[in-house]
Amino acid sequence: MTDHQNCRRTQYSKEITPELNGKKVIIMGWIHELRDLGGIIFLLLRDRDGVIQVTAPSKKISPELFENIRKFKKESVITVKGVVQDSSKAPGGVEIIPYEVELLTESKLPLPLDTTGKVRAEIDTRLDSRFLDLRKHNVSSIFKIKSRMLHSVRVFLEQNDFIEINTPKLVASATEGGTELFPITYFEREAFLGQSPQLYKQMMMAAGFDQVYEIAPIFRAEEHDTLRHLNEAISIDLEAAFCNHEDVMNILEKLVFNAINDVNTHCKDELKTLEIDLKVPELPFERVEYDEVVDMVNSQGVTLNHGEDLSRAAEKAMGELMEGYYFITGWPTDIKPFYVMPSEEDPKRSCAFDLMYRDLEISSGAMRVHLHDLLVDRIKKQGLNPDSFNRYLAAFEYGMPPHAGWGLGAERFTMCLTGVKNIRETVLFPRDRRRLIP
RNA sequence: GCCCUGGUGGUGUAGGGGCUAUCAUGCGGGCCUGUCGAGCCCGCGACUCGGGUUCAAAUCCCGGCCAGGGCGCCA
């Protein structure tokens, strides 16, 4: 009788080493592969972190047990109770000789996709059966690295005295400008899904929190259809008072540096699975002025007029010229949002920056406008109505400190850490132009 | 949204007006005691949908839907 309500493993597969020779263990997981050679059966049992071979020689185990194992199907969940056998013939130098096996749940066959890597599947097929796709270690490794990166970011920011905050994702106004928002029904009213915690982070500066961060979803209703855009993404957002853009750039580059180091030391197996050699960048990251970027892009034969945002071709041209991480600074004020502070020496240039990795923008930030009247001015100049910003603007009338901040795309950063080319690879259940399930 | 390309067993593919629609993997059965992408034998399983051209369409044409790549959009 199978005991489903008392299942506990003694070890994960990766914890079983030749040193445990002769020890009894209980392992649980999925049947990765089954090789029946007639008189001996090799069963590869996969769990979260690895695969271990269970070897069933007909002469060493009972006929009933042997027949049971022979009837197993791939991807079924089983418990194996057995004895560790140190063996040079086994993969990893160790295997389990079973004395008892239990089928916990049987898998339906055929599988919607191959979990062993023999036949590759398209991303669309994989996402349709994502839970199965994620059983592959080269896929789950991406998420272990993402998890480690987020952990590292939290530790770093806590150590630097930042307060973690949570801001609403249901918002009333669609007047922030720029990106399209997803409209939703909020009881009898219309509301929207938040595009960014920007205005709330700034209000926390007026609240006297000084240094805040939030790691949360953002929603963009753009019909983009590329390898680097999502309609739901995780933004690592930060805002700090009594400082300028230079200060938050320093924090950002240290945070990125720190995360890469942390992933390198704690995700060795995952990086190996992904065949990634993660290079630790040098600090400080190179700073390139926007004016310089225009010249560099044009020198590559790609047209970029002064005052324009970078086209995809311009980003690629920069990617050809720059290795690793670099900042683009001194952006024209006109192409940046209203809350970006114009430079004191030259108001046509702003205190905004982007952090790039080769041809990919992974973060953008700025010193913000903390002066109420200037902010109202800038809102009007961008063709927006200051009246719809009342609650936000009020925060600037009762003592708002100078401040700066940035937002870092968690998925884009994960692409840099894992080397994957499609941003959908970095989200468990991605939301894009076409996909809303699963 | 625009441009290009495509949609063939569960998965990944070859083919490209008529013949039993190719191959791999998978699945079912058989043989096999050291596999590790196990091997060998037998079997199973497919032309995106709608319309049109034609004696004949999976193949050509039109449209839809879906996907891949590129771009645009992305304060």
Side-chain angles (χ1 to χ4, degrees), chain A residues 32-44 51-61 66 70-71 73-75 85 87-95 97 107-129 132-133 136 173-181 194-196 198-199 218-231 233 309-316 331 333-340 350 352 354 361 364-366 368-369 378-379 381-384 389 407 409 412 421-424 432-435:
Chain A
H32 188 58
E33 285 195 73
L34 205 52
R35 295 193 195 103
D36 181 355
L37 272 64
I40 187 168
I41 302 170
F42 297 101
L43 182 158
L44 300 184
V51 177
I52 181 112
Q53 178 164 288
V54 175
T55 303
S58 56
K59 292 237 171 90
K60 289 189 188 162
I61 66 172
F66 191 79
R70 187 194 286 278
K71 285 187 201 121
K73 292 175 178 174
K74 270 178 153 183
E75 295 302 329
Q85 178 76 243
S87 162
S88 59
K89 287 180 280 185
V94 70
E95 63 192 6
I97 310 297
S107 174
K108 197 170 139 185
L109 294 176
L111 301 165
L113 52 87
D114 170 40
T115 53
T116 64
K118 282 175 215 158
V119 184
R120 69 162 205 285
E122 288 181 9
I123 186 98
D124 197 52
T125 306
R126 292 171 48 206
L127 291 175
D128 280 342
S129 300
L132 258 186
D133 183 49
K136 295 184 282 189
S173 169
T175 53
E176 253 182 72
T179 192
E180 292 295 315
L181 302 186
Q195 63 179 100
S196 151
Q198 182 58 31
L199 307 188
I218 54 170
F219 303 92
R220 309 256 160 122
E222 295 295 337
E223 298 200 345
H224 36 47
D225 199 0
T226 78
L227 299 180
R228 43 189 199 286
H229 286 93
L230 293 165
N231 294 292
D309 204 349
L310 268 57
S311 64
R312 184 63 195 139
E315 287 181 336
K316 282 180 174 167
W331 287 88
T333 305
D334 286 349
I335 55 170
K336 285 292 173 182
F338 65 80
Y339 50 77
V340 164
S350 72
D354 279 4
E361 174 193 332
S364 67
R368 322 298 193 186
V369 177
R378 303 248 319 126
I379 290 173
K381 273 196 188 134
Q382 302 239 347
L384 300 167
F389 293 90
R412 286 192 175 184
K421 297 281 181 282
N422 188 337
I423 198 164
R424 281 159 257 237
D432 61 37
R433 178 70 188 91
R434 299 198 170 87
R435 185 171 286 277

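Here is the naming used below: chain letters follow the sequence lines, and residue numbers restart at 1 for every chain. Here the structure is a predicted model, which means the values were calculated and not measured.
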State which of [options] makes the closest approach to the side chain of [X].
{"X": "D36(A)", "options": "U35(B), C32(B), A75(B)", "answer": "C32(B)"}
{"X": "K59(A)", "options": "C74(B), U33(B), G34(B)", "answer": "U33(B)"}
{"X": "P91(A)", "options": "C32(B), G12(B), C36(B)", "answer": "C36(B)"}
{"X": "R433(A)", "options": "G1(B), G34(B), C74(B)", "answer": "G1(B)"}

Within-4.5 Å side-chain heavy-atom neighbours: H224(A) and N231(A): yes
So, do R378(A) and P337(A) sit near enough that their side-chain heavy atoms are less than 4.5 Å apart? no
Which residue, S88(A) or L113(A), contacts RNA chain B at a nucleotide closer to its 5' end, judged by nearest heavy atom?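 Whichever sits nearer the 5' end wins; that is L113(A).
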For RNA chain B, whose closest nucleotide is more 5', that of P112(A) or that of I97(A)? P112(A)
State which residue, out of E33(A), H32(A), E75(A), fulfils the side chain to side chain donor-acceptor pair (under 3.5 Å) condition with T115(A).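 For T115(A), the side chain to side chain donor-acceptor pair (under 3.5 Å) test succeeds with only one of E33(A), H32(A), E75(A), which is E75(A).
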[atom1] atoms of [N] and [M], separation to the nearest Å:
{"N": "A67(B)", "M": "G12(B)", "atom1": "C1'", "value": "15 Å"}
{"N": "G6(B)", "M": "G43(B)", "atom1": "C1'", "value": "33 Å"}
{"N": "G26(B)", "M": "C62(B)", "atom1": "C1'", "value": "37 Å"}
{"N": "C47(B)", "M": "U59(B)", "atom1": "C1'", "value": "9 Å"}

Which atom pairs, donor and acceptor, lie under 3.5 Å between side-chain atoms of residues 36-44 of chain A and protein residues at least two apart or in another chain?
| unit_1 | atom_1 | unit_2 | atom_2 | d |
| --- | --- | --- | --- | --- |
| D36(A) | OD1 | G38(A) | N | 2.9 |
| D36(A) | OD2 | R70(A) | NH1 | 2.7 |

Only one of R126(A), R424(A), R120(A) clears salt bridge (charged side-chain N to carboxylate O under 4.0 Å, His left out) with D133(A); which?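 Going through the options one by one, the only one that passes is R126(A).
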Starting at the 5' end of nucleotides 23-28 of chain B, put B wherever the base has a protein heavy atom under 4.0 Å, S where only the sugar-phosphate does, and a dash everywhere else. --SSS-
Got a second to check how far N422(A)'s CG is from I123(A)'s CD1, nearest 0.5 Å? 5.0 Å
Using only modelled atom types and a 3.5 angstrom limit, is any donor from either the side chain of Q198(A) or the base of A75(B) paired with an acceptor on the other?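 Counting by modelled atom types and ignoring angles, no donor-acceptor contact under 3.5 Å is found here.
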Please find out if less than 6.0 Å separates the ring center of Y339(A) from that of F389(A).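 When the ring centroids of Y339(A) and F389(A) are compared, they turn out to be at least 6.0 Å apart.
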For nucleotides 65-72 of chain B, list the nitrogen or oxygen atoms of the protein found under 3.5 Å from its nitrogen or oxygen atoms, one pair per line.
| unit_1 | atom_1 | unit_2 | atom_2 | d |
| --- | --- | --- | --- | --- |
| A67(B) | OP2 | R434(A) | NE | 2.4 |
| C71(B) | OP1 | K316(A) | NZ | 2.6 |
| C71(B) | N4 | D225(A) | O | 3.4 |
| G72(B) | OP1 | R312(A) | N | 3.3 |
| G72(B) | O6 | D225(A) | N | 2.8 |
| G72(B) | N1 | E223(A) | O | 3.4 |

Give a yes or no on whether the backbone of E361(A) and the side-chain of R412(A) come within a donor-acceptor separation of less than 3.5 Å.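 Side chain of R412(A) to backbone of E361(A): a pair is present.
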